[in-house]
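Report on the structure given below.
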Amino acid sequence: MSRRWIAHLDMDAFYASVELLRYPQLTGQPVVIGGGRRHQPEPQPDGSLSFSTLRHYAGRGVVTTATYAARAFGVHSAMGLMKAAALAPDAVLLPTDFDEYRRYSRLFKAAVVEIAPVMEDRGIDEIYLDLTEVPGAQDAVDGDPLGGIRALGQRLKDAVHHATGLSCSVGITPNKLLSKLCSDLDKPDGLTLLELSGIPERIWPLPAKRINGIGPKASARLEALGVHTIGELAAAEPEWLVQHFGANYGLWLHEAAHGRDDRPVVTYREPKSLSRETTFERDLHPRQDRDALGAIFTRLCEQVASDLERKGFEGRSIGVKLRYDDFKIVTRVVTLPAHTQDAATIRQWAGRCLKTVPLDQRLRLIGVKVEGLRRPGSEPVAAQEPAAAWRLGESLPLF
DNA sequence: TCTGGGGTCCTAGGACCC
DNA sequence: TCTGGGGTCCTAGGACCC
């Protein structure tokens, strides 16, 4: 009988680290990734490169990633670049280059699946792995029952470094929830192993918000209730949590605090929606800036349509999203009688959605979304000829 | 000079059906 | 004058994640 071992592997300061491979002269310096293309390094007559710094940044960008040297100034992901500039004016600012990060993402994932083929993609820079059946995972080494799994974790890290030149942090535990927590415990370049018996010592002292799924809102409510650490959350009565957070979330909080999680590693998921949105350089008024807004709106529809075609989907619901200058968000969605992939159709229905929304306030963002995706040609059972549907369903409800 | 862009999942109410 | 218990689909908003 084999013990379940799940790894969470998280690349260290991923975007920034990829940029440092390209510009090794920046190693050790505070570097921030974010903003638009305007901050491309410029070649100088003497052959060197001139980098932008945060000092003169003006705009609405946010920090995507910061090097550890920049983090020492208090800069972190999702912080506005203006605020980051106030904290670290001399930090180098580099534009995001998603194509390059995707290339490195493919490289590290390809290296990992050579060793551990059961991989769940959690974005460009992190993955879960089910190591249970990987040869050697269950072996003892020199009398150490965890020797095999520890060696496997090190092999994964070595493979990532060999394939990319980059470091990562790995947590290995019996489930995804704990592994995610553990990959963060020894960053950068960490390898953390935890058995269930280690939960009180290693997990319970951590702040509750470190749990994946406890965000700013839930964390603030817990604080207000006097619950700060995961241990305090674990000590709370489930009934009490249910009272304050609802049956679903309340019970989940209790399970999570005790490190219980039986979610499988899911190797593939069909996408459910596809969207494009953009924040304007300055807030636009629905009437005064009607033409500019219309052009942007049409372009977003065309981009969504081309994304659908390129990825091989069509969708049945068309939605819009507006963010007003006061950051309030409204959404509208309408479901069509048939699936579509067509830019003009998307534009038409998105336009109708837009007409049902208050337009007397300046806008900061607009977005277009398509939901209810399917692969073209895959007729749902209900739309097929009745006899065929009956055969497929064997016997439909008797009503 | 606050606060990007792309997603998932949950809740809750109403329409509609049997 | 009013009476039920499902089920599904649709829509809007919100929390959360990377």
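Chain letters run A, B, ... following the sequence lines, proteins first, then strands; residues in each count from 1.
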Quick check for you: among dC16(C), dC9(B), dT11(C), whose closest atom lies nearest to any side-chain atom of Lys217(A)?
dC16(C)
In whole Å, what is the span from the CG atom of Asp121(A) to the P atom of dC17(C)?
18 Å
Gln25(A), CD atom: more than 12 neighbouring heavy atoms under 6.0 Å
yes
So, do Tyr249(A) and dC10(B) meet the stacking rule of ring centres under 5.5 Å and planes under 30°?
no
Take the protein atom OH of Tyr324(A) and the nucleotide atom P of dG13(C), then report the distance between them rounded to whole Å.
9 Å
Report the distance from atom NZ of Lys272(A) to atom P of dC17(C), rounded to the nearest whole Å.
18 Å
Roughly how far apart are His285(A) NE2 and Asp325(A) CG, rounded to 0.5 Å?
9.0 Å
Please state how far atom OH in Tyr57(A) lies from atom C1' in dT3(B), giving the value in whole angstrom units.
11 Å
Is any side-chain heavy atom of Leu363(A) closer than 4.5 Å to one of Pro286(A)?
yes
Describe the nucleic acid contact of Arg221(A) in one word from base, sugar-phosphate, nothing, applying a heavy-atom distance below 4.0 Å.
nothing
Nucleotide dT1(B), atom C1' - distance to CZ of Phe280(A) in whole Å
20 Å
Calculate the interatomic distance between Tyr128(A) atom OH and dT8(B) atom P; express it in whole Å.
17 Å
Which is more 5' along DNA chain C, the nucleotide nearest Arg316(A) or the one nearest Val330(A)? Just name the residue.
Arg316(A)
Separation of the C1' atoms in dC16(C) and dG4(B), to the nearest angstrom:
16 Å
Using only side-chain N and O atoms of Arg323(A), determine if any of them is under 4.0 Å from OP1 or OP2 of dT3(B).
no
